[in-house]
S.K.: 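Sharing a structure below in structure tokens format, with a few things to ask.
Every chain is numbered from 1, with letters handed out A, B, ... down the list of sequences. The basis for the numbers below is simple: all heavy atoms, side chains too, and nothing from hydrogens, waters or symmetry mates.
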Amino acid sequence: MDKVYDQKTVEEKWYQSWEKKGYFQPEINPNGKPYAIILPPPNANGDLHFGHAMFTIEDILIRFHRMKGEAALWLPGEDHAGTETQFVFEKHLSKLGKSRFDYDRATLYKMIYEFVEENRGKIRNQMQRMGFSLNWDRLKYTLDPDIVKVVYKTFKKLFDDGLVYRTNRLVNYCTKDGTSFSDLEVIYEERKDPLYYIKYGPLVLATVRLETKFGDTAVAVHPSDKRYKKYIGQELEIKTVSGKTKLKVIADKAVNPEFGTGIVKVTPAHDPNDFEIGQRHNLPMIQVIDYSGKLNEKCGKFAGLRVKKARSVIAEAMQEKGLIEKVDYDYTHRVGICYKCKTVIEPLPLEQWYIATKSLAEKALKVVKNNEVKIFPINFEKIYFNWLENIRDWNISRQIVWGIQIPAWFCESCKKWTVTEGETLDTCLHCNNSTLKQDSDTFDTWFSSAQWPFATLQTTKPGDFEKFYPTSVMETGRDILFFWVARMIMLGIYVTGKIPFKDIVLHGTVLDPLGKKMSKSKGNVVNPIEIANQYGADAIRFALVYGTAFGHDQSLSHPKLQAMRKFTNKLWNIGRFIIDFAPENAKHLDSTGIPNINKKSQDDKQILDNLSKTIKTVTQAINSYRFHDAADVLYKFIWHEFADKYIESSKDRRSEVQPILEYVFRTCLELLHPFMPFITEELWQKLPHKEDSIMITKWPETRIPAN
RNA sequence: GGACGGUUAGCUCAGUUGGUUAGAGCGCUUACUUGACGUGUAAGAGGUCACAGGUUCGAAUCCUGUACCGUCCACCA
């Protein structure tokens, strides 16, 4: 053995042979009880990033349960990631001087498909580099025909049950990306914008959005606001930049009398609040901004201007006519922006498919309240409850081509919609005319992701669903608790009648070394594969769980990685001492695996005793998702008890205690294996052993007779 | 406006139901390195556990409040 541990050769050595021998298949323990984790499917088009390195937690669980003799299945998947991928592709197009408008739907789809195919598999290699024991035979892709079929079926069922409906209301629209988004995909930013106090007839009101004034259909005050009581119900004549117009004054409790002058202009087509006021008062909707973010023909001479430009041009025109009383330039408010391209989100009226979430959310709440589904750490329960209790209906239509096209057909003759399970319709089921047109929109990616646990297990191998559903654990980042986890519970229960998983385990975020969130725009993204190449995959895996309470954020720390690299070197040298430097006359561990020596000293008894305690603690810690406890105990025991004390003190009786050294060390490797798969396999192979691999040897606790 | 997390040695962080002199890694000091260890071992310096109250025989740990940092949720024009 080399004096210094060379992680590169060792870590390249084992993965393929493990996979070839079928260790990643649950069938390796045919009679074990089922234990399943569905991998949160990474973007098929992407690279491994640090969030994915946290899959280590899932690998620890899977390897641990596999060693306990369970039929452990870790099911890999890849996500087509609709908007994400299409936007990446559009960037790629723009570098070529093209845009999505240069192609028809089918061509664009085909191009993106090929673009993704070129990159698929890249991330697979990277996950293998990390040692993830995923069952690749069962790999699923969100665009696999059988998955798509499941998604269609769910949509049809929802439609038939009246839980999917189509309606025209304001959506969060990104005029740059050309699609609507769900509420979750809008992020808010504090912005400073001028607040204009404008004259509306005899009244003065405050607004930021001057450019929507062409869409005003009323002026509103609070019903009990004494200042304006006499105006309620009146029709005001208003002088504007383009002539005179008339607006009615209405009373609505949504108006805050404290803000501005206590008066608002009501623009139902361009503001969510105003939309609701409009509904209550039967106001007409006048759309004055189009889907490209420009004022339309209703705005007279301002037509064609982009919103931002229009605002300043109109302000100038109004100043000239003396229609602006004052401007507050220090006004800050929160503005919704596109999470992807940071464009200001425009609330625009658009017909979309919605899921009625109320009844689904109630059930999703109940299963967590009943403890049928448990969330770790527990404080996320409150956040989960809060979201579901206030949930709004979910817009699942997206105006992009990359994704699953919605299987709904509109009949031009009878103006009715028909939904199918994916079959193409030739004639309308309502009126028999053949004037059908399929909805050009695609599903929100999260709509298909929300079905992932059952969609995958129903389409892998016969019997998988019956055996592994509900799965044991859903382990993922806490940032997608709403996007994904809550929705999986809602749709999982709805479609299968059962919860999709029993435990939800949420890990924290890995931040950059300065404690900032990693992001491409900040340029502080670190590639975990490079870290693995530098320190070893085992070291990075251990570093991710060691020293930070599970569930908390942590900063990437090079000193810590260095320390973990040293730990692997320490392990290597313990192995070298025990194996290479064994005296020639030494006894060895026999096939029973229990060290059988005549006279045990106090030291011997103590190390064996402490080993048992370590086994117990590590087992308990993993069972309760306290991975940092397990790592800490292992590190301390191996280095500071076994190496520093026991090995040192036993050097005089070396040949006598060799079996104990071998036994304790081998057990340590087994306990460490879920955390550090590569080095433990390498060293374990050099010690006396029975099974072919440490991966399939029995977890130490299961071998200890109860006492 | 709500909610959650954090605040412990110079730095990065542990500290599960409250219990003897508060821990680790890195860094620092001093010796050793005699048969495994790009080193390792042994010993050591270093903390008013954010702040203010309270409960208790006893609090980093429980309760109340405050400050600062971070995150999430919410339609304030």
S.K.: Using the side-chain heavy atoms of A:H552, tell me which of these nucleotides is nearest: B:A77, B:G6, B:G40.
M.R.: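 That would be B:G6.
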S.K.: Classify every nucleotide of nucleotides 18-24 of chain B by which part a protein heavy atom approaches to under 4.0 Å, writing B for the base, S for the sugar-phosphate alone and - for neither, in 5'-to-3' order.
M.R.: ------S
S.K.: Let's see if you can work this out: which of B:C4, B:A77, B:C37 has an atom nearest to the side-chain heavy atoms of A:N569?
M.R.: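 For the A:N569 side chain, the nearest candidate turns out to be B:C37.
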S.K.: Could you summarise the pairing of RNA chain B as dot-bracket text, marking Watson-Crick and G-U pairs under 3.5 Å with ( ) or [ ] inside the strand and | across strands?
M.R.: (((((((..((((.....[...)))).(((((.......))))).....(((((..]....))))))))))))....
S.K.: Ignoring the backbone of A:D644, work out which of B:C37, B:C26, B:A42 is nearest its side chain.
M.R.: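 Given the options B:C37, B:C26, B:A42, the side chain of A:D644 is closest to B:A42.
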S.K.: In terms of relative ring orientation, are A:Y635 and A:Y546 parallel, tilted or perpendicular, with 30° and 60° separating the classes?
M.R.: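 Rings of A:Y635 and A:Y546: tilted, as their planes differ by 30° to 60°.
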S.K.: Taking the side chain as every heavy atom from C-beta outward, state whether A:I647 and A:L661 have any atom pair closer than 4.5 Å.
M.R.: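 They are in side-chain contact.
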S.K.: Closest nucleotide of RNA chain B for A:T548 versus for A:F380: which of these residues is on the 5' side?
M.R.: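 With A:T548 and A:F380 compared, the 5'-side residue is A:F380.
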S.K.: Determine: side-chain N/O of A:R565 to OP1/OP2 of B:C37, distance under 4.0 Å, yes or no.
M.R.: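 The answer is no; no side-chain N or O of A:R565 sits under 4.0 Å from OP1 or OP2.
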S.K.: If we only count heavy atoms from C-beta on, is the A:H628 to A:Q554 side-chain gap below 4.5 Å?
M.R.: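 The answer is no, as the side chains (C-beta and beyond) never meet within the 4.5 Å cut-off.
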S.K.: Quick check on B:U12: is either OP1 or OP2 less than 4.0 Å from any side-chain nitrogen or oxygen of A:H558?
M.R.: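 No, because none of the side-chain N or O atoms of A:H558 sits under 4.0 Å from OP1 or OP2 of B:U12.
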S.K.: Do A:I57 and A:Y625 come within less than 4.5 Å of each other through their side chains, counting heavy atoms only?
M.R.: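 A:I57 does not reach A:Y625 side chain to side chain.
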S.K.: Using a heavy-atom cut-off of under 4.0 Å over every strand shown, decide if A:K3 touches base, sugar-phosphate, or nothing.
M.R.: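 Counting heavy atoms under 4.0 Å across all strands, the contact made by A:K3 is with sugar-phosphate only.
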S.K.: Does any donor-acceptor pair link the side chain of A:N273 with the base of B:C76 at a separation under 3.5 Å?
M.R.: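 A donor-acceptor contact between them is absent.
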S.K.: Distance check: side-chain N/O of A:K382 vs OP1/OP2 of B:A3, anything under 4.0 Å?
M.R.: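 So the side-chain polar atoms of A:K382 never come under 4.0 Å of the phosphate oxygens OP1 or OP2 of B:A3.
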S.K.: Kindly point out which of B:U41, B:A77, B:C72 is positioned nearest to the side chain of A:F482?
M.R.: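 The answer is B:C72.
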S.K.: Between B:A36, B:U41, B:C4, which one does the side chain of A:A643 approach most closely?
M.R.: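 Of B:A36, B:U41, B:C4, B:A36 is nearest to the side chain of A:A643.
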S.K.: Can you tell me how far P in B:G53 sits from the matching atom in B:U12, rounded to whole Å?
M.R.: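 Comparing P positions in B:G53 and B:U12 gives a spacing of 29 Å.
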S.K.: Under 4.0 Å from OP1 or OP2 of B:A77: is there any side-chain N or O of A:R209 that close?
M.R.: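 False: A:R209 side-chain N/O out of range (4.0 Å or more) of B:A77 OP1/OP2.
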S.K.: Can you tell me if the side-chain N/O atoms of A:R334 get under 4.0 Å from OP1 or OP2 in B:C75?
M.R.: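 The answer is no; no side-chain N or O of A:R334 sits under 4.0 Å from OP1 or OP2.
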S.K.: Taking the side chain of A:I383 as heavy atoms from C-beta outward, which of B:C4, B:A14, B:U39 is closest to it?
M.R.: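 Among B:C4, B:A14, B:U39, the one nearest the side chain of A:I383 is B:C4.
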S.K.: I want to check one thing: is the phosphate of B:A77, taken as OP1 and OP2, less than 4.0 Å away from some side-chain N or O of A:Y331?
M.R.: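 Yes, within the criterion.
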S.K.: Less than 4.0 angstrom between a side-chain N/O of A:K570 and OP1 or OP2 of B:U39, yes or no?
M.R.: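 Negative; the distance criterion is not met.
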S.K.: So, under a plain 3.5 Å distance rule, would you say the side chain of A:E648 forms a donor-acceptor pair with the base of B:A36?
M.R.: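 It does, because a donor-acceptor pair links the side chain of A:E648 to the base of B:A36 below 3.5 Å.
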S.K.: For B:C76, take OP1 and OP2 only and decide whether either is under 4.0 Å from a side-chain N or O of A:H333.
M.R.: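 Answer is no, no contact under 4.0 Å.
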S.K.: Between A:R654 and A:P559, which is nearer to the 5' end of RNA chain B once each is assigned its nearest nucleotide?
M.R.: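 The residue mapped nearer the 5' terminus is A:P559.
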